[in-house]
Amino acid sequence: MQFRVPKGTTDIVPDVAVKWQYLERKAVELFKTYGYKPIITPIFEHTEVFTRSIGSSTDIVQKEMYTFEDKGKRSLTLRPEGTAPVIRSYVEQNMNQLPQPVKLYYTGPMFRYERPQAGRYRQFWQIGVEAIGSDDPAVDAESILLLVNYFKAVGLKELTLYINSMGCENDRPQYIEMLKEYAEAKRESLCNDCVKRVDLNPLRLFDCKNETCQAVMADAPKLIDHLCESCSGHFDEVKHYLEMQCVNYTIKPELVRGLDYYTKTTFEIVSPLLGAQNAIGGGGRYNKLVEEFGGPSTPGIGFALGTERLALAVEKEGVFDVNENSTEVFIAVADPAAKHAAVNILYQLRSNDISSDIDYMNRSLKAQLNAANRRGIRYFVFLGSRELEAGAVVVKDMEDGAQVEVKLNELVEHLTGLVGAAK
RNA sequence: GUGAUCGUAGCUCAAUUGGUUAGAGCGUCGGACUGUGGCUCCGAAGGCUGUGGGUUCAAGUCCCAUCGGUCACCCCA
């Protein structure tokens, strides 16, 4: 029996990995122009990092975490999301001493024990950013615009941006009481799941797919209508900034993100090209989180996007623009006697930054050409006993079949010229 | 965690009502008057039919279990 990847995981094979690297490269470029810097935190953290921050009522904490005990009896957890570790690090590394806001981005795998599905895996990759230290609505807008502009930059066109406000630490409890009261009164009309939600996680009542529940909830009070003056003013500002950049958005009062730490602005971008798992990126403000981790009262906001889902959407849109820089030069050994000299040339080319390769399969000359040709290599250098005697090689451009003889001591210069011109 | 559906070469798929040594295309490797590619032609390798049981004279085909894929619920990136 052969080994297989664990359930819900997959190998990112070269053809796919190249695309991922492209997506990541584009992200990093853009993040940089917005003033964000990279941060790399451990793949696992003390379990409490997540249980404290994400919220104990969420499924993530309740049943989806990869938690284990190490040999020192520490309870550790493979990170299920990226924000909590970054905030932990912000506090631990005293980043409040840096000029604020501190703007960070990260990329890497996250882990959740879920039933795999289209766009949902047990190990999945996220690219995320966090801006910590400012409550300026312009930062909210920056975060949203960065996400929108990134998706545009990789060629996505069909996107829907949803925004909402969760209110502050005062608004939310008040509202939840109001919501509970409303739902309690309509208890008999709700499905079993929703009855449970009333006590466990009332905000989730809006998510139910059941039609009668939806009808009931359509008339329920919305958090967005019960924000305090400061929060609704903040939200208005955010909207204003978005409008200034001509970004279309839809206010979705029932938009509740999965993590409990959100306050004020939340947002999500959905792609119609995807299946049930269509949220391709999302985030929000978390003004209490730094305090939660024992740091000074510090506001923050950020988002995360799913690399698999993004790649899926870009693929469906048919706009992957990966310029796969294939090997440029292939050294064809026409005669076994020339092998040593050929390898020597190979390293000479490589040390001059010419990407080059040679046959390692003892192929016939014809088979060498065949194989290299399929790899899309454009320039071939022929070397056999005839060339060895002449102190020159034959350089062939496979695009038009033209061949020229080049002196060995001029080869590097010649190829550098060809490769440079081709680019 | 719940439900549906599927599981045959590296990939995409075949295999009459259960019936002999499980086939094809693509890909891989090799060859086509031996120092020149893409096209074409020829050939080769490659499967204990996901795994384990059961029914039967006989199982890729039927039954059960298990593992995995896919899709949806749930949840979320």
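Letters A, B, ... mirror the listed sequences (proteins, then strands); counts begin at 1. Small disclaimer: the values here were computed from a predicted structure and weren't measured.
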Next on the checklist: For Y113(A), does the six-membered ring have the charged nitrogen or CZ of R122(A) within the cation-pi criterion, i.e. under 6.0 angstrom from the centroid and within 45° of the normal?
Outcome noted: yes
Checklist entry - How long is the line joining NZ of K63(A) and C1' of C76(B), in whole Å? => result 13 Å
Checklist entry - Rounded to the nearest Å, what distance is computed from the CZ atom of residue R4(A) to the P atom of nucleotide G69(B)? => result 8 Å
Checklist entry - So which nucleotide from G37(B), U36(B), A77(B) ends up closest to the side chain of F124(A)? => result A77(B)
Checklist entry - Looking at U70(B), G37(B), C76(B), which one has an atom nearest to any side-chain atom of P116(A)? => result U70(B)
Checklist entry - In whole angstroms, how far is the C1' atom of C76(B) from the CG atom of L305(A)? => result 14 Å
Item to check | Pairwise P distance for C13(B) and C6(B), with rounding to whole Å | outcome: 14 Å
Item to check | Residue Q277(A), side-chain heavy atoms: nucleotide from C29(B), C76(B), U28(B) that is nearest | outcome: C76(B)
Next on the checklist: Counting only side-chain heavy atoms from C-beta out, which of U36(B), G30(B), C73(B) sits nearest to A367(A)?
Outcome noted: G30(B)
Next on the checklist: Output the rounded distance in Å from CZ (F111(A)) to C1' (C76(B)).
Outcome noted: 17 Å
Checklist entry - What integer number of Å spans the P atoms of G43(B) and A58(B)? => result 38 Å
Checklist entry - Dot-bracket for RNA chain B, 5' to 3', counting Watson-Crick or G-U wobble pairs under 3.5 Å, with [ ] for crossing pairs and | for inter-strand pairs? => result (((((((..((((.....[...)))).(((((.......))))).....(((((..]....))))))))))))....
Item to check | Whole-Å distance separating the CD atom of E389(A) from the C1' atom of G35(B) | outcome: 14 Å
Next on the checklist: Can you check the distance between C71(B) and C75(B), where both ends of the measurement are the C1' atom (answer in whole Å)?
Outcome noted: 16 Å
Next on the checklist: Please determine whether a side-chain nitrogen or oxygen atom of S364(A) lies at a distance below 4.0 Å from atom OP1 or OP2 of G31(B).
Outcome noted: yes
Next on the checklist: Could you tell me how far G18(B) sits from U28(B) if I compare only their C1' atoms? Round to whole Å.
Outcome noted: 35 Å
Item to check | Nearest-angstrom distance, C1' atom, C26(B) to C67(B) | outcome: 29 Å
Item to check | Whole-Å C1' distance, A9(B) and G27(B) | outcome: 11 Å
Checklist entry - In terms of side-chain geometry, is the basic nitrogen of K103(A) or E130(A) positioned less than 4.0 Å from the acidic oxygen of its partner? => result no
Checklist entry - Is the ring of F380(A) stacked on the base of U36(B), with centres less than 5.5 Å apart and planes under 30° off? => result no
Checklist outcome for this item: Testing A77(B), C29(B), G35(B) for proximity to the side chain of R374(A), the answer is C29(B)
Item to check | Spacing between E114(A) atom CD and U70(B) atom P, to the nearest angstrom | outcome: 14 Å
Item to check | Euclidean distance, atom CG of residue L312(A) to atom P of U70(B) [Å, nearest integer] | outcome: 11 Å
Checklist entry - Donor-acceptor pair under 3.5 Å: do we get one between K366(A)'s side chain and the base of U36(B)? => result no
Checklist entry - How long is the line joining CD of Q403(A) and C1' of G37(B), in whole Å? => result 11 Å
Item to check | Residue K7(A), side-chain atoms from C-beta onward, closest of C76(B), G37(B), G69(B) | outcome: G69(B)
Item to check | Residue A279(A), side-chain heavy atoms: nucleotide from A77(B), G35(B), U28(B) that is nearest | outcome: A77(B)
Next on the checklist: Given G35(B), G31(B), C74(B), identify the nucleotide with an atom nearest to the side chain of Q117(A).
Outcome noted: C74(B)
Item to check | Side chain of L369(A) - closest among A72(B), C39(B), G37(B) | outcome: G37(B)
Checklist entry - Can you find an N or O donor on one side and an acceptor on the other, under 3.5 Å apart, linking the side chain of E268(A) with the base of C76(B)? => result no
Item to check | Cationic N near anionic O, under 4.0 Å, R378(A) to E399(A) | outcome: yes
Next on the checklist: If you apply the rule salt bridge (charged side-chain N to carboxylate O under 4.0 Å, His left out), what do you find for E92(A) with R88(A), and how did you get there?
Outcome noted: CA-CA 6 Å; E92(A) 181 172 346; R88(A) 191 228 78 231; 3.1 Å; yes
Next on the checklist: Taking U5(B) as the reference, what is the distance to A45(B) when you measure between their C1' atoms (whole Å, please)?
Outcome noted: 35 Å
Item to check | Ring centroid separation F31(A) to Y105(A) under 6.0 Å | outcome: yes
Checklist outcome for this item: Closest of G69(B), G38(B), G1(B) to the N370(A) side chain is G38(B)
Checklist outcome for this item: Nearest-nucleotide check on RNA chain B, I269(A) vs R363(A); residue mapping nearer the 5' end is R363(A)
Next on the checklist: I'd like to know if D140(A) pairs up with K264(A) as an ion pair, taking the criterion as any Lys NZ or Arg NE/NH1/NH2 lying under 4.0 Å from an Asp or Glu carboxylate oxygen.
Outcome noted: no
Next on the checklist: Roughly how many Å apart are U16(B) and G7(B), using the P atom of each and rounding to a whole number?
Outcome noted: 14 Å
